[in-house]
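Since the structure comes first, as structure tokens, the remarks are kept for the end.
Quick caveat: nothing in here was measured; it's all calculated off a predicted structure. Residue numbers begin at 1 in each chain, while the letters A, B, ... track the order of the sequences.
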There are 2 protein chains.
Amino acid sequence: MHHKDLINVIKERRTALQVTQETLAELSGVGLRTLKQLESGKGNPTVSTLQKLGDALGLQLNFKVKTNQLTNETGESIV
Amino acid sequence: MHHKDLINVIKERRTALQVTQETLAELSGVGLRTLKQLESGKGNPTVSTLQKLGDALGLQLNFKVKTNQLTNETGESIV
DNA sequence: TTAAAAAGTGCTTTTTGATGCACTTTTAGA
DNA sequence: TCTAAAAGTGCATCAAAAAGCACTTTTTAA
């Protein structure tokens, strides 16, 4: 996943949970300005920023070995 | 995964493939100094740095809904 | 055992991420 | 429609990431 896509997961999850940027900023400890910037498509967050946001939204960041198997959008095998 | 763990995945994958830091730095486009710093446990990489390294090693970075929370029948979080 | 390769570190500069403040624009609800 | 809430932006500051260079330490293989 490109980092724009990772940010998009954050944004979609936040909106799905009907949480405002302001609330997510408070819950996660990430500055509101930073969150606004990221969600509007600017910047390249540090891993810790991404993790703070993910933690607050129940999302886990991880690495997975790429395979040549068919997978769904979460990288889970569908075979 | 904490970012130390993410870096550890990089390191383990690199050594498993018997690739040196120098080679990985060249293949990924990440500076050797940066890679050395990260693997020796210092710093908080940007997502793009982590992705460059992951790409070169066949690792995919992604977000996943945490499993140790309340979910519905389809595995979707209901929190 | 020892020499070369690989990994780790101190110092430095440049770039850029994180942040606050104030403001504008957009969206959603009464 | 109109307004308040939410989202987005320009400007500035501070801290830290990325990077190169030269050096030391550790690991590995002959």
Side-chain angles (χ1 to χ4, degrees), chain A residues 1-66 73-75, chain B residues 1-66 69 76-79:
Chain A
M1 272 177 125
H2 188 268
H3 67 89
K4 304 256 181 190
D5 299 315
L6 291 170
I7 291 294
N8 225 43
V9 172
I10 294 285
K11 188 169 187 173
E12 281 173 12
R13 179 97 173 131
R14 179 181 65 76
T15 55
L17 297 175
Q18 300 193 58
V19 173
T20 65
Q21 289 180 340
E22 193 167 15
T23 300
L24 177 55
E26 284 165 8
L27 289 176
S28 65
V30 170
L32 179 57
R33 189 67 180 78
T34 301
L35 178 56
K36 284 176 179 297
Q37 218 151 235
L38 294 176
E39 282 200 3
S40 66
K42 290 153 200 160
N44 167 29
T46 60
V47 174
S48 85
T49 293
L50 206 54
Q51 282 176 329
K52 285 179 194 168
L53 295 171
D55 284 349
L57 294 171
L59 294 171
Q60 176 90 41
L61 194 58
N62 49 34
F63 259 133
K64 205 174 163 172
V65 177
K66 285 179 194 165
E73 51 292 329
T74 67
Chain B
M1 273 176 126
H2 188 268
H3 72 268
K4 305 255 181 189
D5 299 313
L6 291 171
I7 290 295
N8 225 44
V9 172
I10 293 285
K11 189 170 188 172
E12 281 173 14
R13 178 92 174 140
R14 179 180 66 75
T15 55
L17 296 176
Q18 301 193 59
V19 173
T20 65
Q21 289 180 340
E22 193 167 15
T23 300
L24 177 54
E26 284 164 10
L27 289 176
S28 64
V30 170
L32 179 57
R33 189 66 180 79
T34 300
L35 178 56
K36 284 176 178 299
Q37 217 151 237
L38 294 176
E39 282 200 4
S40 66
K42 291 152 200 160
N44 167 30
T46 60
V47 173
S48 83
T49 293
L50 207 54
Q51 281 175 331
K52 285 178 195 169
L53 295 171
D55 283 349
L57 294 171
L59 294 171
Q60 177 89 42
L61 192 59
N62 49 34
F63 259 133
K64 199 172 168 180
V65 176
K66 284 179 191 164
Q69 52 181 42
E76 194 70 24
S77 171
I78 58 176
V79 177

(request) Determine the contact category for A/S40: base if any of its heavy atoms lies under 4.0 Å from a base atom, sugar-phosphate if only primed atoms, P, OP1 or OP2 are that close, otherwise nothing. (result) sugar-phosphate

(message) With a 4.0 Å limit, can you tell me whether A/T46 has a side-chain N or O closer than that to the phosphate oxygens OP1/OP2 of C/dG17?
(response) no

(message) Heavy-atom nearest nucleotide on DNA chain C for A/K52 versus B/K36: which residue maps closer to 5'?
(response) B/K36

(request) Tell me which residues in residues 5-20 of chain B put a heavy atom below 4.0 Å from DNA chain C, sorted by number, or none. (result) B/K11, B/R14, B/T20

(message) If the condition is side-chain contact (heavy atoms from CB on, under 4.5 Å), which residues does B/E12 pass it with, not counting sequence neighbours?
(response) B/N8

(request) Could you list the residues that satisfy side-chain contact (heavy atoms from CB on, under 4.5 Å) with A/T23, not counting sequence neighbours? (result) A/V19, A/T20, A/L27

Contact between [X] and [Y] at the side-chain level, heavy atoms closer than 4.5 Å - yes or no?
X: A/I7; Y: B/V47; result: no
X: A/V9; Y: A/L57; result: no
X: B/D55; Y: A/K66; result: yes

In residues 29-38 of chain A, what donor-acceptor pairs under 3.5 Å come from side-chain atoms, sequence neighbours left out?
residue: A/R33; atom: NH1; partner: A/Q37; partner atom: OE1; Å: 3.1
residue: A/K36; atom: NZ; partner: A/Q21; partner atom: OE1; Å: 3.2

When the distance from [atom1] of [X] to [atom2] of [N] is rounded to whole Å, what number comes out?
X: A/E22; N: C/dT19; atom1: CD; atom2: C1'; value: 15 Å
X: B/L32; N: C/dT9; atom1: CG; atom2: P; value: 13 Å
X: A/E26; N: C/dT19; atom1: CD; atom2: P; value: 13 Å
X: B/L35; N: C/dA6; atom1: CG; atom2: P; value: 14 Å
X: A/L53; N: C/dT19; atom1: CG; atom2: C1'; value: 14 Å

Restricting to side chain to side chain donor-acceptor pair (under 3.5 Å), what partner residues turn up for [X], sequence neighbours left out?
X: B/R13; value: none
X: A/K4; value: none
X: B/S40; value: none
X: B/N44; value: A/T46, A/S48

(message) With a 3.5 Å distance limit and no angle check, can you tell me whether B/H2 reaches the backbone of A/Q51 through a side-chain donor-acceptor pair?
(response) no

(message) Tell me the bend of the helix from C/dT1-D/dA30 to C/dA30-D/dT1 as the angle between end helix axes, each from five pairs, rounded to the nearest 10 degrees.
(response) 60°

(request) Please list, in 5' to 3' order, the outermost nucleotides of DNA chain D lying under 4.0 Å from any heavy atom of chain B. (result) D/dA17 to D/dC21

(request) Report the residue from A/L53, A/L59, A/L61 that forms a side-chain contact (heavy atoms from CB on, under 4.5 Å) with A/L6. (result) A/L61

(request) Mind checking salt bridge (charged side-chain N to carboxylate O under 4.0 Å, His left out) for A/D5 and listing every partner two or more places apart, or none if nothing turns up? (result) none

Using a cutoff of under 3.5 Å, can you pull out all pairs of nitrogen or oxygen atoms linking the protein to nucleotides 11-13 of chain C, with atom names and distances?
residue: C/dC11; atom: N4; partner: B/R33; partner atom: NH2; Å: 3.4

